[in-house]
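First comes the structure, then the notes that go with it.
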2 protein chains.
Amino acid sequence: MKKGKPTIHDIARSLEIDSSTVSRALSDSARVSKKTKVRIVEKAKELGYQRNMIASNLRTNKSNTIGVIVPRISRQFFSRVISGIEETAYKGGYDVVIGQSLDTIEREKNLLQTFYSSRVDGVLISISMETTSFEHLEAYKNHGFPIIFFDRPCNVAGCTNVLIDDFKASFDSTEHLINEGCKDIVHFSGPQNLELYRQRAKGYMEALKKYGIEIRDHYIFESNLMQEDGEASAKKLLKLANVDGVFSANDVAAIGAMKYLKSKGIRIPDDIAFAGFSNELISEVIEPSLTTVNQRDVEMGIAATSLLFEQIKNKSGKIQQKEMLDPELIIRNSSKRKSTI
Amino acid sequence: MKKGKPTIHDIARSLEIDSSTVSRALSDSARVSKKTKVRIVEKAKELGYQRNMIASNLRTNKSNTIGVIVPRISRQFFSRVISGIEETAYKGGYDVVIGQSLDTIEREKNLLQTFYSSRVDGVLISISMETTSFEHLEAYKNHGFPIIFFDRPCNVAGCTNVLIDDFKASFDSTEHLINEGCKDIVHFSGPQNLELYRQRAKGYMEALKKYGIEIRDHYIFESNLMQEDGEASAKKLLKLANVDGVFSANDVAAIGAMKYLKSKGIRIPDDIAFAGFSNELISEVIEPSLTTVNQRDVEMGIAATSLLFEQIKNKSGKIQQKEMLDPELIIRNSSKRKSTI
DNA sequence: TTGTAGGCGTTATCAA
DNA sequence: TTGATAACGCCTACAA
């Protein structure tokens, strides 16, 4: 046996035909007779031939690969989005390369450039928390490199975004708390430099407004929404009189707060009702189970990938689009105050 | 501006030098004068040049990419392993391509062949539940394609495995239950065609043996260890007299069972103590919090990747290795029966 | 239906 | 130190 992996030339030689015929046969071209096709395919199998995609990609200037950049793969939301992406890509004959920015702009830039130079056909990205300016992204876009943003919006001309309606979801959640009888509702908010969290805060305020409830700035706690932030917020919250509800911009912080409050003997939802955001797995299991928002993770992956495919095909590139998925409010025990009897 | 992406030839032309010099300069070869190097690098920046990795890979016959195949990316354990893999790969200058087999052998084969033909430099794989014969894997191995198995062992000559000591972890968990006063311990076991679950069952039995407790076959429940399997097992368990402990081969099934039993008024751990496996995020949050085993996910990713790098470098390939990570028993409330006062 | 020839962008070898 | 040339493996006009 020769050393290197077998090539179309090996097949051609041993069949005494030309490599171009082999190439055609293996891509099932109509311009090869059935007979020779069969011979070629058989010989290929015999030699254990596998097409060298690197060479093929170089020649065709396509990688049949899309890149995905997320803050962290270990977050449930993102891993579910990726499942959707992978599934769609797989069906379309694409491979998926994944990288995590760890919420730093430095790694985000690195990944983008790696992807670009390995000539992926396009990129799906949920930008890092540090990404507040978008020049690095625009540069690629202007080179005609297809990029789709998901979950965390990028408000730049020509960008296609796939999002859920964060405003509406937050409005609905807050309204739900109000309907359950809450009057003094605190909001755990995320970094306000991110559009995402601005939208969620907006939804909260709009709902209060609708019901004639005063919006008090000191009822809005800004943090990074980690579990420990939730705990800190809970402590802070106890210093306010009469809080009877919390709308948190994510589940993790809500759970951190609930744990602390429970340990202090506060009853949930009777004393304080809770609503979170993201539908983490734990939220169903914790006691009481947490009311939350389904962010349509898998669907988001599917939608984003489909849009990317369109953009790759049409090469039109520059058309700005916005795909809004409808979030779903999942009502659980943490907010059910009305007796169901 | 020309249409295509700029190449070394574009740089060469506009500087009136040869492309080979440009190539050398951009790989920082010592065989280019500082002066021209500077000129080239500047021009490259000016043109927005990015090396075409596809062409480079073709030429050097390396992709600087490793492939990862896991059952599903959305499982916490795997996404954490992948974090470890990514981190290590990133440091070594490698990219990571990820695919999920969804626990089917068909997709596993597909992925393997995609990876092979895109010439990834090696593969890390946790085999699917359906994978009980290993010919497809051996074939690649025999072609000199580096493959490392993690978490789910592959007992085939020449295979390198990175595992935790499932036997020991199970032994320790069961022993812990015994030490907490359990005498009639049920084992929720996984598919016995997988070595993994055989090891866990073995550890359970060995611990019973050590303490002179009879091993009863009808105390071992085999299932796929989904949440609903746990619930079913709980029902089954109630028909046995005197069960006072459960060692489950994963957390998910344990939690399914605990939920059901709690709804029936059974106290955990006082009536029945529980120990699970995998340290899912929910396990810390559920009430009572679940005693479990830390499978060293991130470390496993790191170890597997390091071994793969070795194998890629040494080309020795055929050396069988087994890396055993030490599992950690995490004791929580679901198994603490002795008063801590 | 098949063969010929050239090139995708890079790197490696050799010569200058 | 630089340039010329060939080659990696595949694909695709074009010609036969």
Open item on the list: Distance check, rounded to the nearest 0.5 Å: B/Y94 atom OH versus B/I85 atom CD1?
Closed with: 14.5 Å

- [ ] Any chance you could measure B/L137, atom CG, to B/K109, atom NZ, to the nearest 0.5 Å?
- [x] 9.5 Å

Open item on the list: Please compare A/Q50 and B/K37 by the position of their nearest nucleotide in DNA chain D and report the one closer to 5'.
Closed with: B/K37

Tell me whether [X] is salt-bridged to [Y], with the criterion being a basic N under 4.0 Å from an acidic carboxylate O.
| X | Y | answer |
| --- | --- | --- |
| A/D10 | A/K5 | no |
| A/K43 | A/E46 | yes |
| B/R75 | B/D297 | no |

Task: Residue pair B/F145, B/F115: steps toward the ring pair (Phe, Tyr, Trp, His ring centres under 6.0 Å) verdict - done: CA-CA 11 Å; B/F145 189 51; B/F115 284 175; 8.7 Å; no

Can you tell me the distance, in whole Å, between the [atom1] atom of [X] and the [atom2] atom of [N]?
| X | N | atom1 | atom2 | value |
| --- | --- | --- | --- | --- |
| A/K5 | D/dC10 | NZ | C1' | 16 Å |
| B/I8 | D/dT2 | CD1 | P | 15 Å |
| A/N64 | D/dC10 | CG | P | 16 Å |

Task: Quiz item: cation-pi between A/R80 and A/F77, 6.0 Å / 45° - done: no

TODO: Check DNA chain C against residues 16-26 of chain A and give the residues with a non-hydrogen atom under 4.0 Å, in numerical order.
DONE: A/I17, A/D18, A/S20, A/T21, A/R24

Open item on the list: Any residue in residues 51-63 of chain B with a heavy atom nearer than 4.0 angstrom to DNA chain C? Just list them by number, or reply none.
Closed with: B/R51, B/N52, B/A55, B/S56, B/R59, B/T60

Open item on the list: In terms of relative ring orientation, are A/F150 and A/F78 parallel, tilted or perpendicular, with 30° and 60° separating the classes?
Closed with: perpendicular

Open item on the list: Tell me the closest heavy-atom pair linking B/S117 and A/Q50, and the distance in Å.
Closed with: CB-CB, 4.2 Å

TODO: Give a yes-or-no answer on whether the side chains of B/S133 and B/E135 include a donor-acceptor pair shorter than 3.5 Å.
DONE: yes

Open item on the list: Quick check on B/N193: does its CG atom have over 12 non-hydrogen neighbours (other residues, nucleotides or ligands) under 6.0 Å away?
Closed with: yes

- [ ] Identify the 5'-most and 3'-most nucleotides of DNA chain C with at least one atom closer than 4.0 Å to a non-hydrogen atom of chain A.
- [x] C/dT1 to C/dG9

- [ ] Could you tell me whether A/S27 contacts a base, only the sugar-phosphate backbone, or nothing, with contacts defined as non-hydrogen atoms closer than 4.0 Å?
- [x] nothing

